[in-house]
Amino acid sequence: MIITIRNAANSEARAQLMALLCRITGSQGPITTTHMNGREVVAIDSALINTEAHSLLKSQPAVEQTHSLKTPYQLASRAFQSENTSITIGSTNTCTPVTIGGINADPVIMAGPCAVENREQLITTAQAVKRAGAQVLRGGAFKPRTSPYQFQGLGIEGLHLLAEARNLTGLPVITEVMEPGMVEIVAQHADVLQIGTRNVQNFPLLLATGRNSKKLPVLLKRGLSSTLDEWLLAAEYIIAAGNPNVILCERGIRSYDPQTRNVLDLTCVPLLQQLTHLPIVVDPSHSTGRRELVPIMSRASIAAQAQGLIIEVHPDPDTALCDGKQSITPEQLEKIIHETTMIAHMIR
Ligand code: PEP
Ligand code: MN
């Protein structure tokens with residue numbers, strides 16, 4: 001159940017409501033509320049609300065409205081918020097901000113190397129993806145690698161290089177954070193926090209990104225085998241922790257055929273648009289694992305009404321330290337942006 005709190009509620013009325021919510025949920029408090037589209041809301045498990053609790057809640061002077069939803073996720077649900085969530089990426093102090101979601105917004109293209117390898121590689125790529133028309137620079141500083149012997153990323157040095165690339169190009173930056181204790185440090189340098197597929201149910205990490213002090217947007221990748229409900233519940237953790245700025249990213253799911261790295265589930269894009277108001281982007285790089293499939297799956301993703309793409313680009317893909325097989329060149333990116341923009345305008 002979602003409870004909308006009255007804007008004008010005084011502190012006494014609020015305190016009374018919070019005490020009641022603690023009593024109903026068995027929480028020690030404090031209760032976290034979230035500001036969504038001008039409303040202050042809090043969600044609790046409907047199973048805890050019996051008739052008595054419901055009438056007590058309804059009689060609270062701080063309560064404006066209660067909403068009962070049938071889905072396990074609440075604040076992420078389209079049934080609660082019918083308008084698309086619109087999220088601004090980047091701040092005018094440091095870069096050129098871009099908006100994702102909302103009505104008729106153009107698809108947002110995030111592009112850059114899988115991993116930040118060195119200064120020259122990153123700056124060259126950042127300038128090239130900007131020239132190609134990308135609006136956000138991606139690059140991993142902390143890399144979740146399957147083998148401990150593979151390149152693990154430059155760490156903090158990578159964050160500094162990303163911030164330098166932003167200063168030089170004006171592109172906002174997205175990068176992955178893998179540990180709750182690193183969220184604030186990554187947030188000092190990045191404009192979007194990425195949660196990788198392997199961490200989609202790392203609940204302490206979800207909560208930490210939800211509580212990040214700058215309320216930076218979080219790009220939440222789909223888990224290797226997430227159902228849509230599990231994925232939306234992961235998003236719900238972030239929103240319920242106070243941060244409504246969640247972008248979902250379909251990056252392919254694990255299946256049995258090694259021809260592709262994963263299986264790109266494009267049906268999830270229109271399905272998610274029924275289920276949630278959150279923006280949805282597609283990663284055609286990790287979902288296919290094959291660079292020759294990236295252009296056509298990018299076009300297909302935009303035709304399926306994805307609100308953006310996140311694509312791995314490298315100046316010399318064959319020498320990339322990470323994910324070269326699925327990385328494309330800046331020239332190929334430019335063509336993809338041209339084609340997907342035409343598709344987006346055609347289907348609008
Ligand atoms: C990445 O974007 O570089 C990455 C590691 O993605 P995923 O978590 O989808 O594998
Ligand atoms: Mn990668």
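As the structure lists them, so they are numbered: ligands from 1, and atoms in each ligand from 1.
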Of all the non-hydrogen atoms in the protein, which one sits nearest to [atom], and at what distance?
| atom | answer |
| --- | --- |
| atom 5 (C) of ligand 1 | Glu176 OE1, 3.8 Å |
| atom 6 (O) of ligand 1 | Lys221 NZ, 3.0 Å |
| atom 8 (O) of ligand 1 | Thr197 N, 2.8 Å |
| atom 10 (O) of ligand 1 | Arg251 NH2, 2.8 Å |

- Task: Nearest 10° is fine: what angle sits at the Mn ion (ligand 2) between OD2 from Asp323 and NE2 from His286?
- Result: 90°

- Degrees at the Mn ion (ligand 2) between the OE2 atom of Glu312 and the SG atom of Cys114, nearest 10°: 90°

- Cys322 near the Mn ion (ligand 2): N/O/S under 2.8 Å: no

- Item | From CD1 (Ile239) to CE (Met36), nearest 0.5 Å | 5.5 Å

- Note on the structure: So CG of Asn202 and CD of Glu179: to nearest 0.5 Å the spacing works out to 9.5 Å

- Message: Using only atom types and a distance under 3.5 Å, with no angle test, would you say the side chain of Asp283 pairs donor to acceptor with the backbone of His286?
- Response: yes

- Message: In the structure I gave you, are the side-chain heavy atoms of Leu162 and His189 within less than 4.5 Å of one another anywhere?
- Response: no

- Query: Given side chains that start at C-beta, do those of His67 and Met1 come closer than 4.5 Å, heavy atoms only?
  - Reply: no

- Task: Check each of Ser301, Ser287, Pro284 against Leu266 using the side-chain contact (heavy atoms from CB on, under 4.5 Å) test, and report the only one that passes.
- Result: Ser301

- Between Asn84 and Arg78, a side-chain donor and acceptor under 3.5 Å: yes

- Query: In terms of side-chain heavy atoms, does Glu184 have a donor or acceptor partner in Asn212 at a distance below 3.5 Å?
  - Reply: no

[X] heavy atoms, cut-off 4.0 Å: which ligand 1 atoms fall inside?
| X | answer |
| --- | --- |
| Gly196 | 8 (O) |
| Glu312 | 3 (O) |
| Arg138 | 1 (C), 2 (O), 3 (O) |

- Query: Given Gln326, His286, Glu250, which has its nearest heavy atom closest to atom 1 (C) of ligand 1?
  - Reply: His286

- Message: So, regarding Arg261 and ligand 1 (criterion: nitrogen or oxygen to nitrogen or oxygen, under 3.5 Å), is there a contact or not?
- Response: no

